[in-house]
Amino acid sequence: MSRPELLAPPEIFYNDDEARKYTSSSRIIDIQTQLSERALELLALPDDGVPRLLLDIGCGSGLSGETLTEHGHQWLGLDISESMLDIALEREVEGDVILADMGQGLGIRPGILDGAISISAVQWLCNADKSCHEPRIRLKAFFSSLYRCLGRGARAVLQIYPENIAQRELMLGFAMRAGFAGGIVVDYPHSSKRRKEYLVLTCGPPSLSTTTPQGKGEDGESCSDEDSSEDEESQTVCISDRRRPRKKQKVNKKGKGRDWVLKKKEQMRRKGNAVPPDSKYTARKRKDRF
């Protein structure tokens, strides 16, 4: 079955018919509930009975929001599909829903959220659905605004379906650049059907409280460090990896060379900047005269 994000933009794919079909499917409701329960578990909120204000990114018709309500929390929901939000209003969900495009920033007051979850939504930002869409710019706007609206030390748990390793690294990289600490948690890493990936992010620099939790194994228990090390894709990247002492760049007498220029151009591309394509003329020294 084709991935939904490859068929059409979310506001078009989830039309009135698809939104009702999605919300009425018992299988989807069960999966959504399980993913939301796991996201709340990874959110690691204090067990003190005090309700928290959470954000549900890509809330759809409010299925995951119902799980938040059952645990006694208040929540805001954000989605780009008007049809999905209409059904959420029909179902009289407890949370307040907002029609917005997360790729343009969240537009929420800074520092007011105690946490955020997202179920199967963030990977849509990796696709250019319009000529004006640039995935890197949209990911940067999303993670930067998410970082601002979370309180200090608050977590965001984003369940994702990356198409490949490069797409996963792209999302994680922009989260790290926004200031988050954390990494990827993989549940059931050796199962093709049950495998689930969660981007677990903490607002603030790395500390003991920002340690990325372990994923679940086939027996439902936490994977050991030995198991996780065997799966190359489940390794986590922490913000501290970006703050190692930098070595001084060696410069020879002939200049910095082609390798150095190509490396710098690749760094600029990762930041979302427009860079001329590589060619046989890249870093070639000009003649003294024509």
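Annotation: side-chain hydrogen bond (donor to acceptor under 3.5 Å, both in side chains) contacts of W75 (sequence neighbours excluded): T69. The side-chain hydrogen bond (donor to acceptor under 3.5 Å, both in side chains) search around Q123 returns none, not counting sequence neighbours.
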Item to complete: Give the C-alpha distance, both sets of side-chain angles, the deciding distance and a yes or no for side chain to side chain contact (heavy atoms under 4.5 Å, CB included) between L146 and F180.
Response: CA-CA 10 Å; L146 178 61; F180 285 106; 3.9 Å; yes
Discussion item. As a quick check of understanding, evaluate side chain to side chain contact (heavy atoms under 4.5 Å, CB included) for V185 and K196, giving each step before the final call.
Written reply: CA-CA 8 Å; V185 173; K196 295 293 183 294; over 6 Å; no
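Atom CD1 in I98 sits 5.0 Å away from atom CD1 in I108 (nearest 0.5 Å).
Between K265 and D278, at least one side-chain nitrogen of the basic residue sits less than 4.0 Å from a carboxylate oxygen of the acidic one, meeting the salt-bridge criterion. Under 4.0 Å is where a charged nitrogen must lie from a carboxylate oxygen, and between E134 and K140 no such pair does. A salt bridge is defined here as a Lys NZ or Arg NE, NH1 or NH2 lying under 4.0 Å from an Asp or Glu carboxylate O, and D101 with R138 meets this definition. A salt bridge links E197 with R195: the distance from a Lys NZ or Arg NE/NH1/NH2 to an Asp or Glu carboxylate oxygen falls below 4.0 Å.
The 12-atom threshold is not exceeded at CG of D96, counting heavy atoms of other residues, nucleotides or ligands nearer than 6.0 Å.
Using modelled atom types and a 3.5 Å distance limit, the side chains of Q167 and Y161 yield no donor-acceptor pair. With no hydrogens or angles considered, no side-chain donor-acceptor pair links E37 and T67 at under 3.5 Å. Looking at D56 and S64, their side chains do bring a donor and an acceptor atom within 3.5 Å of each other.
Side-chain contact check for R136 versus F174: some heavy-atom pair is nearer than 4.5 Å.
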